Colleague: 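Here it is, the structure, as structure tokens.
Since we're looking at a predicted model, the values are computed, not measured. The basis for the numbers below is simple: all heavy atoms, side chains too, and nothing from hydrogens, waters or symmetry mates.
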Amino acid sequence: MHPLYLYNTLTRKKEEFSPIVPGKVGMYTCGPTVYQYATIGNMRSYVFADILRRVLEYNGYSVKMVMNITDVGHLVSDADEGEDKMLVAVGREKKTPWEIARFYTEAFMKDAALLNILRPTALCYATEHIEEMLQMVVELVEKGYAYETSDGIYFDISKFPAYGQLSGIRLQDQLAGARVEENPEKQHHADFALWKKAPKEHIMQWPSPWGMGYPGWHIECSAMSRKYLGDQFDIHTGGVDHIPIHHENEIAQSESCTGKIPARFWMHGEFLLVDGGKMSKSLGNTYTVHDLVTKGFEPLAFRYFCFSAHYRSHLNFTWPALESAQKGLRSLRTMVQRSSRGPEKPGAEEKMGRFRELFLESVNDDLNMPKAVSVLWEAAKADLGPGLARLAGEFDRVLALDLVKGPADEDKVLELSELPPEVQALIEERRLAREAKDWAKSDRLREQLREMGYQVKDLKDGYEVTRIP
RNA sequence: GGCGAGAUGGCCAAGCGGUAAGGCAGGGGUCUGCAAAACCCUUAUCCCCGGUUCGAGUCCGGGUCUCGCCUCCA
């Protein structure tokens, strides 16, 4: 047996995983803010969460996976300054925040489905949990962890000495207001908003004990994870950018309320780089799943590409790299699918057992997907016969690359009858030329067909026509 | 200024104390009238300098260089 090891940001080491309740795992994934299309950088993060969930299930756990949808505008800056993201989108698209949120939520779910990301067992929308958030804010105020200013309710960080445990930041080292305007009413520069009082023109606002307002960004995760997973659950995931502010704040809020750190394992996915540098919405060098499809790639090529590096490493996105992934995936599927048509091989089962073990060992080693994929490649080359297809089917419960059913290189062989008449005519002419051993004419016709978008392969007896992609 | 990650063959990338996975690309070969496909073979002492050890990409110290976070963003 291979125990499951996961890296915990909290302790900065790999730990053997075991859930609070035997056999069951509760995990919470920080979901998207739905005010524009998700980038492939965002998607890498959700592929990571999906892999974690699938590996847990592969290990026999029943997983409750909760993901939030941030459909309320929180402020642009985590330091509670600046514009409201949702309002920016409202100005841009001339729609209501609700319409925008719905539109981009659907777009996100569609992209996720294209990447074979399983739907979370529970999706929760921030706007549907304002009540729970307010209750938590009230609780924090009553317990003395928060104070009121002219523009909102703030968490009092001085009451939570453990602050900074995730990121290793010591508050006294941080330069107050180094890059943002300091709010003079805040008692400590790292105090953060639990609730904001809304100016009249603010579109999304709700009644509260402090008048009309809207929630601070961090409170939604605390309130919703508590509601669906309890005061303490097993795993919390997100991007590395969430470590210093968002998750620190979340821990501070939740633990102040419940007395417990909300999650035992904190796991973070590294960023996707583009051409060696950061991808960011503000730099405008972002791509979406749709962009990949437009360039002729299948979405799962991106999923496969994500497996080329460990989730805690930077992964550098370039078009040639994606092409390499697409080729690798296609060729893997070709091997798998071809194997299912051949005869059984003696001794295959024995070898398969070994590969199963290696695969499990790899994914259970903190989700080492590059290793896991290499195990599959080794299996593909091990002459397992139809056993390979069975094995790939098992591994695909984690990989989800449509190995057995997805498009492979060989799938494009066309019947003569499905070709346009003029193409059929040229092929027939070429067949006759070949019979007459008129190679010059044969080659000329093959070139002509190629220009029309068809590749002709000559076999022992006959030929195969495929469409050039 | 603070925090963190990383430097492995042409490219991407595993390995985390015992003598370098895998993919893509390249080269050679088999097959073929020629192609294509397929199959086989093939390409590295791991940024630099010290140290620990019988033994180090793998641990420690010091450099150099990248990159990320501390603003939006996974």
Colleague: Which of the following nucleotides, B:rG68, B:rA13, B:rG23, is nearest to the side chain of A:P370?
Modeller: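 The answer is B:rA13.
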
Colleague: Does OP1 or OP2 of B:rA74 have a side-chain N or O of A:T237 closer than 4.0 Å?
Modeller: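 Checking B:rA74 against A:T237, no side-chain N or O comes under 4.0 Å of OP1 or OP2.
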
Colleague: So, applying side-chain hydrogen bond (donor to acceptor under 3.5 Å, both in side chains) with A:K14, which one of A:N8, A:D365, A:D366 is it?
Modeller: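 That would be A:D365.
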
Colleague: Check this one for me: any side-chain N or O of A:K457 less than 4.0 Å away from OP1 or OP2 of B:rU32?
Modeller: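 No, no such contact exists.
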
Colleague: Does A:R264 make a cation-pi contact with A:F233, if we ask for NZ or CZ under 6.0 Å from the ring centre and within 45° of the axis?
Modeller: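 The answer is no; the distance or angle limit is not met.
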
Colleague: Kindly say whether, by distance alone, the side chain of A:D241 makes a donor-acceptor pair under 3.5 Å with the base of B:rG68?
Modeller: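 No, the side chain and the base share no sub-3.5 Å donor-acceptor pair.
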
Colleague: Can you tell me which nucleotide in B:rA74, B:rA38, B:rG33 comes closest to the side chain of A:R338?
Modeller: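 Closest of the options to the side chain of A:R338: B:rA38.
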
Colleague: Using atom NE2 of A:H242 as one end and atom C1' of B:rC3 as the other, report the distance to the nearest whole Å.
Modeller: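 Computing the A:H242:NE2 to B:rC3:C1' distance gives 17 Å.
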
Colleague: Can a side chain N or O of A:K278 be found less than 4.0 Å away from OP1 or OP2 on B:rU66?
Modeller: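 For B:rU66, OP1/OP2 do not have a side-chain N/O of A:K278 under 4.0 Å.
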
Colleague: Among the nucleotides B:rG4, B:rG23, B:rA14, which one has an atom lying closest to any side-chain atom of A:S313?
Modeller: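 My answer, after comparing the listed nucleotides, is B:rA14.
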
Colleague: Of all the choices, B:rA35, B:rA74, B:rA14, which nucleotide is nearest to the side chain of A:M279 once you look at every atom?
Modeller: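 Given the options B:rA35, B:rA74, B:rA14, the side chain of A:M279 is closest to B:rA74.
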
Colleague: What interatomic distance, in whole Å, is found between P of B:rG63 and the corresponding atom of B:rG22?
Modeller: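 It works out to 37 Å between them.
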
Colleague: So, is A:K327 close to the B:rA25 phosphate, meaning a side-chain N or O under 4.0 Å from OP1 or OP2?
Modeller: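 True: A:K327 side-chain N/O within range (under 4.0 Å) of B:rA25 OP1/OP2.
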
Colleague: Between B:rC3 and B:rA74, how far apart are the P atoms? Round to whole Å, please.
Modeller: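 Their P atoms lie roughly 26 Å apart.
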
Colleague: Of all the nucleotides listed (B:rG23, B:rA74, B:rA38), which has the minimum atom distance to the side chain of A:Y46?
Modeller: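 Output: B:rA74.
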
Colleague: When A:H247 is tested against each of A:Y28, A:Y163, A:W266 for ring-ring contact (aromatic ring centres under 6.0 Å, His included), which residue passes?
Modeller: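 Testing A:H247 for a ring-ring contact (aromatic ring centres under 6.0 Å, His included) against A:Y28, A:Y163, A:W266 leaves exactly one candidate, A:W266.
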
Colleague: Would you indicate which nucleotide in B:rG33, B:rA13, B:rC69 comes nearest to any side-chain atom of A:P244?
Modeller: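 That would be B:rC69.
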
Colleague: Among B:rC67, B:rA14, B:rA74, which nucleotide sits nearest the side chain of A:N368?
Modeller: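 In terms of side-chain proximity for A:N368, the closest of B:rC67, B:rA14, B:rA74 is B:rA14.
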
Colleague: Of the nucleotides B:rG68, B:rA74, B:rG33, which one has an atom closest to the side chain of A:H314?
Modeller: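 Closest nucleotide among those given: B:rG68.
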
Colleague: I'd like the P distance from B:rU45 over to B:rG10, given in whole Å.
Modeller: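 So the two P atoms sit 10 Å from each other.
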
Colleague: Under the criteria of a ring-centre distance below 5.5 Å and an interplanar angle below 30°, is A:W377 stacked with the base of B:rG22?
Modeller: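 It does not: the two rings, one from A:W377 and one from B:rG22, miss the stacking criterion.
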
Colleague: Does the distance from a Lys or Arg side-chain N to an Asp or Glu carboxylate O, for A:K110 and A:E106, drop under 4.0 Å?
Modeller: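 Looking at A:E106 together with A:K110, the answer is no, because their closest N to O distance does not fall below 4.0 Å.
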
Colleague: If the threshold is 4.0 Å, N to carboxylate O, is there a salt bridge linking A:K441 and A:E429?
Modeller: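 Salt bridge: yes.
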
